[in-house]
Amino acid sequence: MKLFAAVSACAASLTLCGANTIVLARNPSPEVFAAEALAGPLTALKRALPNSPSGGYAPKPVDCPANRPTIRKASSLSPNETSWLELRRNYTLDPMTSWLSRMNISGFDATSYMNGIRNNVSAVPNIGLAVSGGGYRALMNGAGFLAAADNRTNNATNTGQIGGLLQAATYVAGLSGGGWLVGSIYTNNFSSVQDLRDGSKGSSVWQFGNSIFEGPASDGIQILSTASYFSTIQDEVSTKEDAGYNTSITDYWGRALSYQLVNATNGGPSYTFSSIALEPNFQSGSIPMPFLVSDGRTPGTTIVSLNSTVYEFNPFELGSWDPTTYGFAPLQYVGSNFSGGVVPSDGSCVEGFDQAGFVMGTSSTLFNQFLLQINTTAIPQTLKNIFTDLLNDLGEDNNDIAQWQPNPFLGYNNATNRNFDSQQLTLVDGGEDGQNIPLYPLIQPQRHVDVIFAVDSSADTTYNWPNGTSLVATYQRSLNNTIENGTAFPSIPDQNTFVNLGLNNRPTFFGCNSSNITGPAPLIVYLPNAPYITLSNVSTFDPEYNDTQRDAIIRNGYEVATLGNGTLDAQWPACMACAALSRSFDRTGMKVPDQCTQCFERYCWNGTTDATPVAGNYTPAFKVGAVSLGGAAGLGVRVGMVGVVAFAVGMLLL
Ligand SMILES: *[C@@H]1O[C@H](CO)[C@@H](O)[C@H](O)[C@H]1NC(C)=O
Ligand SMILES: *[C@@H]1O[C@H](CO)[C@@H](O)[C@H](O)[C@H]1NC(C)=O
Ligand SMILES: *[C@@H]1O[C@H](CO)[C@@H](O)[C@H](O)[C@H]1NC(C)=O
Ligand SMILES: *[C@@H]1O[C@H](CO)[C@@H](O)[C@H](O)[C@H]1NC(C)=O
Ligand SMILES: *[C@@H]1O[C@H](CO)[C@@H](O)[C@H](O)[C@H]1NC(C)=O
Ligand SMILES: *[C@@H]1O[C@H](CO)[C@@H](O)[C@H](O)[C@H]1NC(C)=O
Ligand SMILES: *[C@@H]1O[C@H](CO)[C@@H](O)[C@H](O)[C@H]1NC(C)=O
Ligand SMILES: *[C@@H]1O[C@H](CO)[C@@H](O)[C@H](O)[C@H]1NC(C)=O
Ligand SMILES: *[C@@H]1O[C@H](CO)[C@@H](O)[C@H](O)[C@H]1NC(C)=O
Ligand SMILES: *[C@@H]1O[C@H](CO)[C@@H](O)[C@H](O)[C@H]1NC(C)=O
Ligand SMILES: *[C@@H]1O[C@H](CO)[C@@H](O)[C@H](O)[C@H]1NC(C)=O
Ligand SMILES: *[C@@H]1O[C@H](CO)[C@@H](O)[C@H](O)[C@H]1NC(C)=O
């Protein structure tokens, strides 16, 4: 199948594409070579690893390791995660002590409390962060939260700020648009939001003004016209097909997305998600573990519901804790011919299937719909026709899926696995079951997470604000004995209550009283998207944002996280720290400081409901005040990165 044959023809013949088009496709010009040669060593040093054995987008057979890869039961954490946690939990002690001290709970000595428990890891707070889906809106709003939580952001460790929470966290989960954020940070070697936002010369990273239809601007390292951008994507996807793998629209989508998210030539076609586990800062335990979430679609159905099997990606594994699949595959070897939980002696081992952009695309297949908007864009008709052919080829039922074939869980757990008999594992957007906040990996009892800071940028209401629907979904799922498999969750009120009581308009804590839950469950610090300084409720399907709008929404997310830099409640940082410490206080028997008691009175949902139907559309007022989108709305000083290399590359291009 050569779906993009016409693009290749275009790339091969200048006249076909118009004289103005710069066409540089398969045979890069000397300039591109020079730029890549310069960028290469840096890339190898600084990014997640471009370690696909094919050197490109396609997976490739490799020699099986001495211990052939197997699927393991989901009855415990993986040995990899267990040994990583020994490093990470220890590594969080100092950042957590410093963060708790800065949050300044009155009458509480954070340093002596932490010193008292540092040799007893199970007493130490175990912190998870979760960033919801919702396209670019979720990426940007979630980015504002992560920037506020990151001690590397300018001013984030000043009084009234919450920087350092990220450094104290054990886990960071993202889904769909939130997965683009988490994926972008981790494939770029745990870059800060500030650095990704400010970008660097010649990089198209986070340049959302150039939509995925156009591709990156034609300057710097990535010299691409729209036509050559499409033909490069087509060539890459066909290498996977030529290697014998089925491809789906998600391959194209993931590739296009990567140009914006992965700071490497052509969006880093050979970068794998499992390579995050090989980065020194991850291996040493100095950064949190990332998760991405997807839903499984049962063969022969197109319905994804709350009882669908949920899958998590982490740097070590892909799998599910649900009683259905109840197994995990080593991510590095997904693509191998697993059968019955092993790669049989006549089966080959494969690496490179877990391409980073493909994983991010898998968590966000809902946005395959972006590609359906292609007719409304200005790109050449030839390209539109090709996409239309592609879509027709796939058939409507499969427009929004990611095909993971071979299915690693083939013949595994036949009694309960819904895909045991299927050659392909069909994965879809992690928010399609209604659980748009990726809480799933964080509420697994094996992980013992104490508190989840959950950023919700869902578009539940008519005007794209959240109304608690995602928390309601996770709560409902936790009540279904056939699917919950040991995951307890705090009780959550209905959406009318959320809106009537304003629980979707300010931070709210759920599950403050750990004894009022059916099992061990984290405290949820719910951080809903709301208008602090700009209307951050942009449409989920808007594919294009200029830098001013992007920066304003990131800034708004920062204000969500800090309650308007503390202007709405000067005690907010202390209250966040109280939430982080709550379960630890339960375990150590520590008397809850008075300021924490006051915080809990203010922020904990106390069980009150008001299910009166909400009349009219929910239109929240500005909480701080609108900023002008005419001026700069940055987090700090914007840095124009013109390093020696960028300069040298620029010279070569002249
Ligand atoms: C995970 O653990 C296995 C078994 O100990 C080991 O062979 C493998 O290298 C580990 N993977 C990573 C990415 O550390
Ligand atoms: C714990 O971390 C500290 C530095 O934060 C390090 O010096 C120490 O060796 C670590 N201990 C273990 C057991 O890893
Ligand atoms: C951020 O926290 C990490 C971990 O504690 C520390 O090593 C680093 O120096 C801090 N950076 C800043 C800018 O404070
Ligand atoms: C992008 O990659 C280049 C080359 O490796 C590097 O110099 C630059 O700092 C990176 N930019 C960002 C925002 O990470
Ligand atoms: C609970 O989950 C099972 C299996 O996943 C499903 O068949 C059942 O309908 C669900 N029950 C409710 C009340 O949703
Ligand atoms: C999920 O639950 C619904 C009812 O809530 C049921 O109709 C459906 O069959 C269930 N699906 C599976 C795969 O169990
Ligand atoms: C989870 O599901 C598996 C597989 O069905 C089962 O063996 C296990 O006991 C369940 N765990 C809990 C805590 O219910
Ligand atoms: C684009 O427009 C053409 C002709 O108007 C139509 O046949 C095609 O289905 C459209 N493509 C998509 C993806 O909607
Ligand atoms: C599980 O199902 C596979 C595929 O249908 C089959 O080949 C295998 O024999 C079954 N295994 C068991 C233990 O029943
Ligand atoms: C909340 O959002 C859900 C999902 O979009 C919607 O069906 C419901 O009407 C909303 N309710 C309120 C009160 O906003
Ligand atoms: C305590 O649990 C009950 C259900 O068991 C629930 O109705 C109530 O709202 C919970 N209270 C709080 C504060 O969560
Ligand atoms: C950073 O903090 C300094 C000192 O408090 C202040 O003058 C400056 O305006 C702050 N910058 C930003 C971008 O908030």
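One-based numbering, in listed order, for ligands and for the atoms of each.
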Under the criterion salt bridge (Lys or Arg N to Asp or Glu O under 4.0 Å), I'd like the reasoning laid out for Glu317 against Arg72: C-alpha separation, chi angles, the key distance, then a yes or no. CA-CA 10 Å; Glu317 297 185 315; Arg72 66 170 189 92; 2.7 Å; yes
Report yes if Ser200 has an N/O atom closer than 3.5 Å to an N/O atom of ligand 4; otherwise report no. yes
State plainly whether the residues Asp235 and Arg255 are in salt-bridge range, i.e. N to O under 4.0 Å. no
Using only heavy-atom distances, determine whether the side chains of Gln435 and Thr474 contain a donor-acceptor pair under 3.5 Å. yes
Return the orientation label for the Tyr245 and Phe353 ring planes: parallel under 30°, perpendicular over 60°, tilted otherwise. perpendicular
Is it true that Phe282 and Phe316 have ring centroids separated by less than 6.0 Å? yes
Less than 6.0 angstrom separating the ring centers of Tyr136 and Trp206, yes or no? no
For Val304, does its backbone N or O pair with a side-chain atom of Ser308 as donor and acceptor, under 3.5 Å? no
Regarding ligand 7, does Asn485 bring an N or O atom to under 3.5 Å of one of the ligand's N or O atoms? yes
Tabulation required: pairs of a nitrogen or oxygen in ligand 9 and a protein nitrogen or oxygen under 3.5 Å; columns are atom names and distance to 0.1 Å; otherwise 'none'.
unit_1	atom_1	unit_2	atom_2	d
ligand 9	2 (O)	Asn414	OD1	3.3
ligand 9	2 (O)	Asn414	ND2	2.3
ligand 9	5 (O)	Asp421	OD1	3.0
ligand 9	11 (N)	Asn414	ND2	2.9
ligand 9	14 (O)	Asn414	ND2	3.3

What do you reckon, does Asn188 put a non-hydrogen atom under 4.0 Å from ligand 4? no
With only distance considered, is Ser203 within less than 3.5 Å of ligand 4 through an N or O on each side? no
Any side-chain donor near an acceptor of the partner, Asp322 and Tyr440, under 3.5 Å: yes
